[in-house]
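Down below is the structure, laid out as structure tokens.
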There are 2 protein chains.
Amino acid sequence: MAKATIKDVALVAEVSVKTVSRVLNDEPNVRPVLQEKVHAAVKALDFKRNPLARGLRGQQSFIITLLYSNPNPGYILELQNGALSQCIEQGYNLQIHPCDHNSPDLIKSVESITQYSTQDGFILTHPLCDNKELIALLDEKNIPFARISPFVREHDSPYVMSNDEEASFEMTKYLISLGHTKIGFIKGHPDFGATHKRYKGYQRALENMGLTLDEDYVKQGMFTFETGESCARQLLNQESRPTAIFASNDYMAAAILKVAAQMKINIPADLSVVGYDDAPVSQQIWPSITTVKQPINQMANTVVKKLIKRIKKQPFEEFDTVFDCELIIRNSTSPCS
Amino acid sequence: MAKATIKDVALVAEVSVKTVSRVLNDEPNVRPVLQEKVHAAVKALDFKRNPLARGLRGQQSFIITLLYSNPNPGYILELQNGALSQCIEQGYNLQIHPCDHNSPDLIKSVESITQYSTQDGFILTHPLCDNKELIALLDEKNIPFARISPFVREHDSPYVMSNDEEASFEMTKYLISLGHTKIGFIKGHPDFGATHKRYKGYQRALENMGLTLDEDYVKQGMFTFETGESCARQLLNQESRPTAIFASNDYMAAAILKVAAQMKINIPADLSVVGYDDAPVSQQIWPSITTVKQPINQMANTVVKKLIKRIKKQPFEEFDTVFDCELIIRNSTSPCS
DNA sequence: GTGAAAGCGCTAACAC
DNA sequence: GTGTTAGCGCTTTCAC
């Protein structure tokens, strides 16, 4: 059986195609009686509108493109799933577009997808959402977009973010509450807004609890296992070594475990370690890593809602913008001995 | 400036729209002179065909849907990237559809996406590609599909696979070459075809090298960290414990490291551990885990090529079907002491 | 309130 | 070889 078209529905419902279209699009000016008839016919024929035809006529594609450049597979997948479920709910398709935020071809690659297919909107994840060229491109092409965890917020496009600074503040306070005073910190990649927020939360907590920040306890990592490893070595090879280290993500935290094992430093007895992101590795390692979990799925869900509102030129302020993170206490932290 | 249409191109090239269409579709019967003209006009206008219109007219969508149900984010992302790059190259879009192979709604969920949008073909990853109901559904709807790592191969649809059995055979031989004779094995989830192939490679290597398989050294895991942990405990709590353990994936291998740490068993000095998949954790843990890497990206790439051939009803036998895996020797293995 | 007709951008069928 | 015409399924005029 060939797929039913709007004509078939009109025939069965004994109305015109236009009336069917009106009902389907929730337009006013249709008598309830006819609405009923149409709905019945739609159901009887198991009719679904052809998105291609809809798009062609309406100059829209019902495609939302998710742009990401991020080395964390667990994070990306969660993002995809959250965005996807909301897209499906609203009758949109999600197109994925992995890219490299360091590539000189970034702009070109995004431009090319805007040409080869049509998309109603973009979702930019960090750090792409702070890329001025990219934003300029989308603005120029007049393509709506929404951002996840932007650092710079001046654009009028919708965005969502997690309260990284607050979570980092809480996590640092937690370490202090365990009796730690010598708390090391490994920063993330400076291109990522989250890096600065996480560091700021750490700073603020120390200050707030009357501790002074020791520059020797702060090292610059790049979110990779390798940089985490070298930072950990630097931190732990000092005379007065920290009794706790806060890494800006779980990969770097995992690297601390490696260095500690090699140096025969016992975790958590001699050194507490915390990470960030709740990456799979934080559970697949021993001791499992105390970390921070962002509500990524929910954030992705909301950002899609906002984007679709923006696409439809409706207000989007009704939705949440800042999302709370959750501290997940595992086995890599213990009271300072 | 509004996007150029085929009409604009025809106008500039001073030919009919049909001629433009012919050139664009590489159809015969156009004089080289006109081809030149059309190409020049296309370039001048930076013209790209509207995929919606193309799809509507041609009863195709240029959408390929990737179906997966797999708990390994690194694997999925790699798969997506491989499939995506090939899709883009051939002018297709990739739609992703994560699902749960255990869900009773699986079939319904796939059926619904075939209704809400049109797709030219599906890519089924394992274990979905061995789901009879699913295959029956696609066959009935006459939607072409291709499979990645199917266990049952009777269908005439194209597929690719890695030679898991061979890789597992080689890995086991490698352990034996290190002097190990008491080699434990943790099986994966029985729903996955790979589980059986990996086990078979292990069996065959033992046999081949003149060792007898000891049932006490084989435990049934489910690919999760937790099951790996309990299997490791069972294996290591025996009187005559194995000196090496082969886990069917890296999550379970990571769990062995945990158990070993708790039991003060030194890795790799007292126990060699190998995993499978080259999951991110295998590098983010210490000691890093010796493992097997499948050429996922390449497999995904090829399966898309095959699928598109199938969609176009062209032969697809020219492409590779079986892909070699690579042993990655890291720090979790050493000669038997 | 409702319907007929036009057309979104493209390609298949058929003329020439 | 090349151009004209029709129409994919839908929504948007614009009549009634």
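Below, chains carry the letters A, B, ... as their sequence lines are ordered, and counting in each starts from 1. This is a predicted model, so every value here is computed, not measured.
- Between Ile6(A) atom CD1 and dG3(C) atom C1' there is a gap of 13 Å when expressed in whole angstrom units.
- Contact annotation: Arg49(A) reaches the phosphate of dT11(D) (side-chain N/O to OP1 or OP2, under 4.0 Å).
- For Ser21(A) and Val17(B), each mapped to the nucleotide of DNA chain D holding its nearest heavy atom, the one lying further toward the 5' end belongs to Val17(B).
- Here the side chains of Asp139(A) and His155(A) are in contact, with some heavy-atom distance below 4.5 Å.
- Atoms CG (Leu24(B)) and P (dT11(C)) sit 7 Å apart, rounded to a whole Å.
- Between Lys18(B) atom NZ and dG9(C) atom P the separation is 18 Å, expressed in whole Å.
- To the nearest angstrom, P of dC10(C) lies 15 Å from CZ of Arg57(A).
- A centroid separation of less than 6.0 Å is found between the aromatic rings of Tyr75(B) and His126(B).
- Between the CG atom of Leu56(A) and the P atom of dC10(D) there is a distance of 12 Å, given to the nearest Å.
- Close to dG9(C), at under 4.0 Å from its OP1 or OP2, lies no side-chain N or O of Thr5(B).
- The side chain of Arg54(A) sits closest to dC10(D) out of dC10(D), dC8(D), dG3(C).
- For Ser16(A), whose side chain is taken as the heavy atoms from C-beta onward, the closest listed nucleotide among dG3(C), dC10(D), dC8(D) is dG3(C).
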